[in-house]
Amino acid sequence: MAVNWPGLISIGVFYLIVLGTGIWASRKAKHESKKCSGKISEVAMVGGRNLNLWVSIFTMTATWVGGGYILGTAEVVYDPKKGLVWATGPIAFALNLIIGALFFVKPIRSKKYFTLMDPFQEKYGNAVAAVLFIPALIGDILWISCILGALGGTVSVVMDIHSSLAVGISAAVAILYTLMGGLYSVAYTDVIQLSFMLVGLWLCVPFILASPSSANFTVAAVTQLHQKPWIGTLELEDAGRWLDDILLLAIGGICYQAFYQRILSTATEAQAKITCYVAAVLCPILGIPSLIIGAAAASTDWNQTSYGSPSPYEEGKAGMILPIALQHLCPYYVSLVGMGALAASVMSSVDSALLSAASQLGRNIFKNIIYKEASEKMILAAIKVSILLCGILGAGLAMTTKSVHVFWIVSADVLYSMMTPQVTCTFYLSRWVNHYGACSGFVFSLMLRILVGEPLIGLPDLLPLPLDKIQEDGRRYRLFPFRTAIMLLTIGTILLTSRLAVCLSERGLLKKISDAEQDTNTTRHQSEETRRKSGLNEEDVPLSSPCKVIPTACG
């Protein structure tokens, strides 16, 4: 297979621009760390808590509008078994950011945490927090795999090289600039990547719609032409599953460290909330090109294009339908711009996921558990090693599937089923939960999720549920919203077990629950009450970061 040299040059130019931005941002990070008299790891993890408002909006939006979102949305619309009605990403992500702003910005910022694992370690101790970190790490690794799979598939389509090589190249670029500058590199490259995507994809949309091999996509929405109508159908019996998919992304998203990393990097609580609200508006808007391209691809007679027959869906390439459509439905040089911009912009989430997982590994595992006397340089070294290892592992998994949507959904599934109950209880039900409940909830949710199974990754379905349909291959098609049910049952399990543990502890039948664990929420409540009575706002309370105390010294 001959290498597509113009495509290679196009991708190379965009990658070099992104890499150059990352290198520039890494120098800015070093400059900021010299100005600040506090911890240099704070600059790497949360940007010194002084990120510009517009940069924070761009990086929050770009983190959500990544590979799974862009390619996965087009894949679902194009898939004749699903269609537009099942493209829940744009709605769900907007809801997720609104929920985060309303309910989770204030709790995570109230004590100036660094990561999502900090309140767990404060509440339950290091050992229990380390166990609860497992699903968070798995979720980040699967997210990295999803994005690298999207990157690799896109680059392989453009350059006519094997997807494994493309995944490796893309992973190397993302790992390199994330290693160099931490959050600053991630945030500033997000600005460039999001701009590329906005311009590149919208540039290609008119050409795709005008392609002679594509039928009128508004007609194909409700009429079967080359495949089933791309608008899709939602039967009454599927309503529970559809709602489950929306809640999976809308509520499960509050468990990603990448979300908290951005709201912790802003200077004030108000700025953090503005960031979430603006990103909630931008996410659906930026999903429109993917929706249109997926619909146009479903309206195309592929036998009349340079792609030929069988169609991408018949060849199992629905996950790469967006770059395939750009390549075969656009004029050649327009497609080069579109796919180069797409490849660079899809990278906007992989760096966030890498830094997210590495920050928790470096601070919460290495510093707080493995080596408590670690210096700032050692913490930074641990973060960089973690970025490298997570990138390698994610790249390896990305080479195992052709569907971007698989890892996107499974990643969110792990966090929704197992982490949402823990996050909710820690932030809002802290007075009534303890480590016994947290551990029992972890085991309970893990057991249920394994028994329910997951055909996307070959996990057998062992537990029958209401409304199940048995398919021809003997597998169960789940109509019951089992993910939401597991999440709610896990919250109940945590509360009941915690209460039972308190009763047994009071009777001397169980080891006494520590006073520190019982008083965690009370102390937080009292501090918030004191601040309200004294009329102080968050901005009036000094931050641990000197970047907040001495703003003139840190830009």
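Side chain of T426 to main chain of V423: no donor-acceptor pair is present (N/O by atom type, distance under 3.5 Å, no hydrogens or angles). Judged purely by atom type and a 3.5 angstrom limit, R109 uses its side chain to pair as donor or acceptor with the backbone of I263. No donor-acceptor pair under 3.5 Å is formed between the side chain of T497 and the backbone N or O of I494. D244 contributes a side-chain N or O that, together with a main-chain N or O of T484, makes up a donor-acceptor pair within less than 3.5 Å. A donor-acceptor contact shorter than 3.5 Å is absent between the side chain of S265 and the backbone of V46. Here the side chain of R478 pairs a donor or acceptor atom with the backbone of V452 at under 3.5 angstrom. Here the side chain of W64 pairs no donor or acceptor atom with the backbone of Y69 at under 3.5 angstrom. Judged by distance alone, with hydrogens and angles left aside, the side-chain atoms of T420 form no donor-acceptor pair with the main-chain N or O of S417 at under 3.5 Å. A donor-acceptor contact shorter than 3.5 Å links the side chain of K123 to the backbone of V433. Not a single donor-acceptor pair under 3.5 Å links the side chain of Y124 to the backbone N or O of L132.
For the pair L95 and A250, the tightest heavy-atom approach, listed with the atom from each and the gap, is CB-CB, 3.9 Å. Scanning all heavy atoms of the two residues, the minimum distance from W432 to S498 falls at O-CB, 3.3 Å. Here the closest non-hydrogen pair linking V65 and C283 is CG2-SG, 3.8 Å. Across all their heavy atoms, L51 and A187 have their closest contact at CD2-CB, 4.2 Å. For the residue pair S386 and G362, the shortest heavy atom distance occurs at OG-N, 4.4 Å. A pairwise comparison of heavy atoms in A258 and S352 identifies CB-O, 4.3 Å as the closest pair.
The side-chain tip of R49 points at the ring of F114 from less than 6.0 angstrom away and within 45° of straight on. Seen from the ring of Y113, R363 does not count as a face-on cation partner, given the 6.0 Å and 45° thresholds.
Side-chain contact between I369 and Q121 is present, with at least one heavy-atom pair separated by less than 4.5 Å. Within the 4.5 Å cutoff, the side chain of S440 has heavy atoms near those of the T493 side chain. Put simply, the side chain of L71 does not reach to within 4.5 Å of the side chain of S290, judged on heavy atoms. Side-chain atoms of D413 and R449, non-hydrogen and from C-beta on, do get closer than 4.5 Å to each other. You'll find the side chain of L249 reaches within 4.5 Å of the side chain of F93, heavy atoms only. Contact check for Q360 versus D140: side-chain heavy atoms found under the 4.5 Å cut-off. Within the 4.5 Å cutoff, side-chain heavy atoms of K469 are placed close to those of L479. Counting heavy atoms from C-beta outward, L53 and I57 have side chains that approach closer than 4.5 Å.
Between the side chains of T59 and Y188, no donor-acceptor pair of N or O atoms lies under 3.5 Å. Side-chain contact annotation: R262 with T63, donor-acceptor N/O pair under 3.5 Å present. If you check the side chains of D79 and W86, you find no donor sitting under 3.5 Å from an acceptor. No donor-acceptor contact under 3.5 angstrom links the side chains of D245 and T88, judged on distance only.
From C276, atom SG reaches atom CG of L102 across 9.0 Å, with rounding to the nearest 0.5 Å. Taken from CG in L446 to CG in L451, the straight-line distance is 9.5 Å, to the nearest 0.5 Å. Note that OH of Y260 and CG of D118 are 12.5 Å apart. Values are rounded to the nearest 0.5 Å. Here the CG atom belonging to L504 is positioned 10.5 Å from the CZ atom belonging to R499, to the nearest 0.5 angstrom. The distance from atom CG of L116 to atom CZ of F104, rounded to the nearest 0.5 Å, is 9.5 Å. In this structure, CG on L429 lies 11.5 Å from CD on Q422, to the nearest 0.5 angstrom.
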If you apply the rule side-chain contact (heavy atoms from CB on, under 4.5 Å), what do you find for E269 with V105, and how did you get there?
CA-CA 7 Å; E269 179 183 317; V105 166; 3.9 Å; yes
Can you check side-chain hydrogen bond (donor to acceptor under 3.5 Å, both in side chains) on S56 and T266, steps first, answer last?
CA-CA 7 Å; S56 66; T266 58; over 6 Å; no
Under the side-chain hydrogen bond (donor to acceptor under 3.5 Å, both in side chains) rule, what do N364 and T115 come out as? Steps first, then yes or no, please. CA-CA 8 Å; N364 301 104; T115 73; 2.6 Å; yes
| said: side-chain hydrogen bond (donor to acceptor under 3.5 Å, both in side chains), that's the test. Do S359 and Q257 meet it? Break it down for me. | reply: CA-CA 9 Å; S359 296; Q257 158 65 9; 4.9 Å; no
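Applying the side-chain contact (heavy atoms from CB on, under 4.5 Å) test between T61 and each of L282, V281, I285 identifies L282 as the sole match.
Residues meeting the side chain to side chain donor-acceptor pair (under 3.5 Å) test with K377, sequence neighbours left out: none. Partners of F133 by ring pair (Phe, Tyr, Trp, His ring centres under 6.0 Å), not counting sequence neighbours: none found.
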Donor-acceptor pairs under 3.5 angstrom involving side-chain atoms of residues 456-465: please list them, not counting sequence neighbours.
from: D461; atom 1: OD2; to: R476; atom 2: N; distance (Å): 2.8

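Atom CZ of F103 sits in a sparse spot, with 12 or fewer heavy atoms from other residues, nucleotides or ligands closer than 6.0 Å.
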